[in-house]
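Working notes for the structure below.
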Amino acid sequence: MDSVSSCLVFKLKKRQETQDENLFFVLHFFYTFVSLSQKKAKKTLTSDTHSMEVEIPTVWTDCLEIIKQHVDEQNFNTWFKPITPVRTEGDVLTIQVPSQFFYEWLEENYVPVLKKAVRQVLGENGRLEYSVVVDSGNQQNPSLTVNYPTGSGNKKNNNQQPNGNGNGHSHAEYSPFAYKALDPRTVNSRLNPNYVFENFVEGDCNRLARSAGVAVAKKPGTTSFNPLMLYGGVGVGKTHLVQAVGNEIKKNMPDKVVLYVDQNDFTNQFLNALQNLKMQEFQNFYLQVDLLILDDVQFLAGREKTQEIFFNIFNQLHQSGKQIIMTSDCPPRDLKGFQERLLSRFKWGLTADLQEPDFETKLAIINNKMQSDGIEIPTEVAEYLAYSVDTNLRDMEGVLNSLLFHATLLKKNIDLDLAKEVLKNIIKEIQSDVSVDYIQKTVADFFKVEMDQMKGKVKKREFVIPRQTAMYFCKRYTQLTLALIGENFGGRDHSTVIHALESVEDMMKVDANFKNSVDELTKKFKSRMSA
Ligand code: ADP
Ligand code: MG
């Protein structure tokens with residue numbers, strides 16, 4: 001991995017600079033949701049009051065008295081006041097705290113004092129049970145109760161990690177708590193089991209991103225690739241790759257909670273939680289995740305509230321050593337409609353891109369897929385497809401599925417003729433969305449000219465360039481002959497169109513700005529074709 005990491009262009013974390021901001025934020029966040037949780041905890045307490053033994057509050061109040069002597073006032077108010085006693089049973093006192101993060105903080109910082117207090121009040125065998133309200137996604141099981149491990153609080157149990165997440169936190173002291181978190185085996189990770197590393201073909205176009213993914217899958221949360229931000233155009237394999245990381249972690253580390261969500265799921269869950277006053281459960285749920293994959297983060301643009309909540313979750317996961325992976329259609333610096341503080345976090349770890357696959361990689365992907373489906377595909381057919389499908393890999397997937405369909409169900413031989421026939425149908429479908437009219441409008445808009453200026457005869461440079469560019473795209477993306485293209489531009493003949501195509505090609509070679517414009521337009525047309 002060393003050679004890989006050394007050639008990866010990654011932005012080193014600016015932890016130092018951001019630490020104060022983090023701390024401020026975490027505290028701020030806590031004050032907000034701690035007060036919420038207090039209200040909730042009080043409610044829980046009242047509804048349980050009848051069944052509770054009378055002395056619980058006293059037991060806890062006595063503990064607090066002891067704790068107070070060892071903790072300064074501000075920390076006491078932040079970390080101990082929000083705790084609510086739930087019940088005592090024999091030597092065991094159960095208390096409730098607002099979140100897993102809260103729990104972990106206590107574990108990190110206050111184990112000795114908690115142990116001392118509980119033992120003084122309940123005797124040498126005194127133990128604590130720990131309870132956290134968590135929304136596991138279904139309404140039947142909204143809270144998690146935690147069982148104390150066997151061994152009545154002796155040091156044998158000090159390998160009992162909260163959540164078993166091995167997140168790099170050292171537990172210097174044996175904890176009086178044992179926290180049974182979400183059961184990773186029952187959490188629906190929302191992963192597609194078919195997206196794995198084994199069938200993700202490596203090529204120059206994705207090598208860096210793939211290596212980073214492999215590294216993260218081996219050591220989630222502990223490499224400097226946190227967050228891992230992968231970006232690239234439509235169909236370059238972002239979703240496949242990030243899900244491969246998730247599947248790999250689930251396979252090798254079944255005690256990790258892995259969650260894949262796309263931006264849409266996340267936003268909907270958030271809005272739902274907001275409407276149903278379940279914000280705390282929503283956050284608590286996310287804070288228990290060991291690997292969070294957020295796909296297509298670019299669609300969070302302009303969604304201030306969702307960004308806010310993601311920012312909270314991001315910070316807390318990151319601080320507790322959990323792994324975050326995101327994908328986007330462009331590098332973080334080009335993301336529009338995002339809060340600056342969120343963008344700066346996106347750049348903390350590693351940013352790596354996936355490019356459109358080259359011929360060789362496409363060929364390997366085709367062979368790989370056909371082989372895994374048990375179909376032989378002649379080399380000339382594979383090469384023909386790799387060469388001809390130049391939109392994106394999702395279209396390639398469509399073509400290959402169609403070929404498989406013909407081969408398996410219709411029992412046809414896969415040869416060049418069949419491939420051409422299939423391709424013809426699919427390419428037509430792909431291209432039907434990009435009409436001459438659409439091209440003309442898009443190009444006119446892009447260069448800020450009117451449609452009639454675009455189609456007209458005036459030879460001013462500011463009209464000629466968009467006109468020729470639009471002709472060029474008509475040639476690329478429609479099946480029209482040169483003569484017909486000319487027809488569509490105020491009845492010009494085919495030689496004018498040829499001249500236009502040549503001019504565009506030449507200009508692209510010498511004028512970088514113009515080339516960028518053509519690239520940007522190309523992206524627009526391609527994304528429409530694959531929408
Ligand atoms: P994106 O999320 O970037 O739009 P996807 O991950 O959905 O792209 O990929 C589109 C299709 O192409 C999927 O079926 C995926 O399995 C396939 N694909 C992409 N890259 C590769 C690759 N390197 N090897 C094998 N299949 C790939
Ligand atoms: Mg995707």
Side-chain angles (χ1 to χ4, degrees), residues 189-214 216-217 227-248 259-267 292-301 324-332 334-335 351-373 375 377 382 385-386 388-405 423 426 429-430 522-531:
S189 292
R190 308 163 83 112
L191 291 169
N192 178 341
N194 297 322
Y195 286 156
V196 289
F197 280 118
E198 286 75 15
N199 60 14
F200 187 81
V201 174
E202 184 174 352
D204 287 344
C205 52
N206 60 32
R207 200 177 315 280
L208 297 184
R210 187 180 177 283
S211 308
V214 170
V216 164
L228 174 61
M229 175 81 168
L230 301 180
Y231 69 93
V234 176
V236 292
K238 301 182 297 294
T239 298
H240 187 143
L241 182 54
V242 294
Q243 294 217 12
V245 177
N247 278 315
E248 186 76 6
L259 183 68
Y260 167 90
V261 277
D262 63 22
Q263 171 284 141
N264 211 15
D265 296 334
F266 185 81
T267 305
L292 176 62
I293 304 170
L294 184 60
D295 205 0
D296 289 325
V297 79
Q298 75 272 7
F299 294 121
L300 279 184
I324 301 152
I325 305 182
M326 291 173 292
T327 74
S328 150
D329 67 349
C330 62
D334 294 343
L335 280 169
T351 304
D353 69 333
L354 289 98
Q355 305 274 349
E356 283 186 18
D358 46 73
F359 180 79
E360 302 297 326
T361 313
K362 272 199 266 182
L363 205 56
I365 291 174
I366 293 168
N367 286 325
N368 189 293
K369 169 144 177 80
M370 294 314 246
Q371 266 164 23
S372 72
D373 285 303
I375 302 284
I377 179 166
L385 293 177
S388 314
V389 182
D390 66 348
T391 47
N392 67 54
L393 286 175
R394 254 181 244 164
D395 294 334
M396 180 71 85
E397 180 102 349
V399 173
L400 294 180
N401 283 337
S402 182
L403 272 181
L404 281 174
F405 169 77
L423 205 60
I426 296 209
E429 270 172 37
I430 294 171
T522 305
K523 251 194 223 154
K524 275 198 173 113
F525 295 128
K526 281 192 174 179
S527 74
R528 181 175 170 94
M529 290 188 307
S530 55

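As the structure lists them, so they are numbered: ligands from 1, and atoms in each ligand from 1.
What you find for K238 and G233 is that their closest heavy atoms are NZ-O, 2.6 Å. Contact detail for N192 and N247: the closest heavy-atom pair is O-ND2, 3.0 Å. The two atoms that bring T351 and P332 nearest to each other are CG2-CD, 3.7 Å, heavy atoms only. Among all heavy-atom pairs drawn from N199 and N194, the shortest one is ND2-O, 2.9 Å. Contact between F197 and R210 at its shortest, heavy atoms only, is O-NH2, 4.2 Å. Summarising the geometry of A209 relative to A352, their closest heavy-atom pair is CA-CB, 4.0 Å, with the distance given to 0.1 Å.
Under a 3.5 Å cut-off, the side chain of T327 and the backbone N or O of Y231 do not form any donor-acceptor pair.
For the Mg ion (ligand 2), the nearby protein N/O/S atoms, meaning those under 2.8 Å, are T239 OG1.
When side chains are defined from C-beta on, L400 counts as touching M370, because their heavy atoms get closer than 4.5 Å. Side-chain contact check for L423 versus V389: some heavy-atom pair is nearer than 4.5 Å.
Each of Y195, N199, F200, V201, N206, G233, V234, G235, V236, G237, K238, T239, H240, I365, L393, R394, E397 has a non-hydrogen atom positioned under 4.0 Å from some atom of ligand 1.
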